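The next block holds one structure in the form of structure tokens; read it before the comments.
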Amino acid sequence: MQSLKTQEMSVTSIIQPAVISALEQLFQQTFTAKDFQINETKPEFEGDYTVVLFSLLKPLKQSPDQLGKTLGNYLLEQQPALFVSYNVIKGFLNLTISDSYWSDMLNKHFEDKAYGKKAGNGKKIVVEYSSPNTNKPLHLGHLRNNFLGWSISEILKADGYEVIKTCISNDRGIHICKSMVAWQWFANGATPESTGMKGDHFVGDCYVMFGNVYKEEVRSLVEKGMSEEQAEKEAPVMKAAQQMLVDWEAGKPEVITLWKTMNSWVYSGFDITYKRIGSDFNKMYYESDTYLLGKKLVEEGLQKGVFFTRPDNSVWVDLTADGLDEKIVQRKDGTAVYITQDIGLAVNKYEEFKYDQSIYVVGDEQNYHFKVLKLICEKLGLPSSDGIYHLSYGMVELPSGRMKTREGTVVDADDIIDEMISVAAAKTAELGKVKDFTETELKELYDTIGLGALKFFILRVDPKKRMVFNPEESIDFHGFTASFVQFSHARAKAILRNEDSNKEYIYQGSSPLLPLEKALLIMLERYPQIITQAAADHNPSLLVIYCYELAKTFNSFVTEHRVLKAESADKKELRLRICRMTANVLASGMELLGIKVPERM
RNA sequence: GGUCCGGUAGCUCAGUUGGAUAGAGCAUCAGCCUUCUAAGCUGAGGGUCAUUGGUUCGAAUCCAAUCCGGAUCACCA
């Protein structure tokens with residue numbers, strides 16, 4: 001399929017075939033892109049890009065020096081407009097790219113706000129993320145999920161995919177019944193409205209209350225001589241919750257009504273949080289709808305011989321040949337287990353969207369679950385089952401260790417967001433640079449800085465790794481942070497606001513590029529590839545690091561060189577364009593992370 | 001115990017399919033605001049890349065073993 005937009009030609013994608021063709025001409029041997037590496041030249045050496053020659057020496061029977069010189073000379077001869085000089089050190093051929101290449105790149109893209117975004121590739125990806133339980137408010141772990149899911153969706157879109165963001169709400173089950181029982185027994189008809197609480201926190205408190213009462217009941221039963229195990233089964237609140245689940249499945253009207261009411265409280269709370277953090281979905285699924293979906297698939301699987309039945313009537317799949325275990329897919333009483341509905345949902349999603357890839361943003365404690373899910377889908381013959389991808393992320397821990405509900409160390413999402421925003425406000429006030437802002441503008445700025453810091457702090461870590469969330473470090477607005485990038489953007493914009501603009505001027509590229517100018521151009525040129533790489537790796541942290549490094553180089557550039565009072569008109573225009581393109585790319589990159597950049601801060 | 005993931009500076013993290021003297025931030029120390037935003041810039045110190053062996057021109061990266069940490073192996077979700 002032909003792309004509508006001409007594909008970005010990166011400099012490496014030009015050098016590679018040039019080298020291959022050179023080797024063919026010079027030595028009559030054919031190589032592919034995989035046979036040698038092209039890297040950016042390390043700053044301590046002269047040059048922009050480096051061809052690593054070692055892997056070519058043996059087949060060509062050349063010494064590093066010979067080959068480097070032969071190849072370097074040939075490349076310069078063939079493409080004098082692109083390569084201006086070379087040097088060979090050990091097995092490294094360092095090539096210097098002509099200034100005109102870089103200035104052409106700049107002139108072509110400096111105003112393009114869509115720079116780096118690819119034309120549609122016709123492929124469709126379903127991303128499932130967030131997926132909360134409706135019994136308690138969101139916490140720090142959910143934030144990592146939401147930030148990752150949203151960001152990877154946007155990155156995939158930018159790379160040319162059509163993306164459908166979905167969310168499965170775990171809205172039924174024993175957990176919500178616990179909150180319901182607690183409300184019935186102890187709330188005296190209180191509501192979020194009557195207490196002035198956010199709905200998800202209100203229901204979360206009911207859930208906690210259930211836990212406390214349950215613990216107390218168990219303790220008292222044990223005191224009366226009951227065994228611990230027995231007491232846990234006999235505690236009245238637990239029995240009530242279990243009864244409620246049965247009643248729910250039977251569709252008992254007053255239970256359904258209460259369930260709907262309490263879920264609506266939770267959703268109204270979630271909506272507020274989602275809106276603040278910018279999470280959105282194209283399609284919502286509800287477990288209360290999907291939990292029966294898998295049954296049909298189980299039946300089909302049995303007919304196909306994928307599943308088998310045990311004497312007690314439970315249904316299993318044998319995955320021992322794939323290095324896993326036997327796994328239950330339906331209980332002996334015929335009810336669905338967790339994976340049953342996931343099988344149903346996977347098929348459902350496929351039928352609805354005919355996706356090429358289906359991504360699940362779910363914590364790494366479910367790695368095994370998703371291996372099983374994918375295998376089962378394969379065995380059932382679900383088309384595109386190899387497109388099932390578990391975007392697995394590590395747990396968020398505190399410096400003191402794991403968050404524990406019992407110890408009250410769970411960091412609440414709303415609390416940490418409030419905290420970040422208020423510290424952003426305090427810091428902004430202290431610096432006193434935006435005293436002319438209106439109340440509305442200030443509020444927006446605090447949100448931008450506070451939320452940006454939080455997202456950046458969490459997204460900067462490779463998803464698959466566990467991470468430590470240090471509250472003190474997260475509110476630091478110096479160094480490797482969102483504020484640093486935001487500040488750099490504001491700085492660029494400040495220069496552009498003051499620009500004594502001369503629209504007629506066309507940059508000629510007549511004066512040589514200084515190191516920091518060129519360094520920025522090289523980085524800017526790489527942006528489209530960064531998006532592609534982040535999309536391919538499902539890893540927003542690549543973009544975080546890129547934005548930070550670009551901002552860092554830009555800050556050095558601004559400190560070192562004057563833009564508005566540049567040495568020449570030529571330089572001034574060059575630098576103005578660098579400022580514009582840098583601001584655009586920073587804004588674009590941060591946008592893909594869900595982080596806004598301010599005009600002033 | 002089986003499987004999977006991780007271990008890099010005091011702390012938090014980078015390190016693209018093996019490439020040049022392993023990099024950032026925080027923290028510590030020393031400089032830089034009559035010049036486009038100092039939420040900034042410049043510099044210094046800080047490393048047995050968990051350990052041992054192997055593969056090769058070359059290993060933080062690949063392989064094996066060991067040690068440490070985590071997850072998982074539920075008719076929970």
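Nothing here was measured: the structure is a model prediction, and the numbers come from that model. Letters A, B, ... mirror the listed sequences (proteins, then strands); counts begin at 1.
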Please figure out whether A/I545 or A/A490 has its closest RNA chain B nucleotide nearer the 5' end. A/I545
Close side-chain approach of A/V361 to A/E128, heavy-atom, < 4.5 Å: no
Classify A/F480 by what it touches in the nucleic acid, base, sugar-phosphate, or nothing, heavy-atom distance under 4.0 Å. sugar-phosphate
Could you encode protein contacts along nucleotides 17-22 of chain B as a string, one character per nucleotide from 5' to 3', using B for base contact, S for sugar-phosphate-only contact and - for no contact, with a heavy-atom cut-off of under 4.0 Å? B-BBS-
Contact class for A/T428 (heavy atom, under 4.0 Å): base, sugar-phosphate, or nothing? base
Specify the glycosidic conformation (syn or anti) of B/rC13, with syn defined as within 90° of 0. anti
Give one of base, sugar-phosphate or nothing for A/F477, where a contact means two heavy atoms less than 4.0 Å apart. base
Where RNA chain B forms runs of at least three Watson-Crick or G-U pairs (i with j, i+1 with j-1, under 3.5 Å), the stems are B:1-7 with B:67-73, B:10-13 with B:23-26, B:28-32 with B:40-44, B:50-54 with B:62-66
Flag the pair A/E444 and A/K596 as a salt bridge only when some basic side-chain nitrogen lies within less than 4.0 angstrom of an acidic carboxylate oxygen. no
Looking for any heavy atom pair under 4.0 Å, which part of the strands does A/M601 touch: base, sugar-phosphate only, or nothing? base
Mark up nucleotides 70-77 of chain B, 5' to 3', with B wherever a protein heavy atom is under 4.0 angstrom from a base atom, S wherever such an atom reaches only the sugar-phosphate, and - elsewhere. SSSS-BSB
Closer than 4.0 angstrom, basic N to acidic O: yes or no for A/R402 and A/E407? no
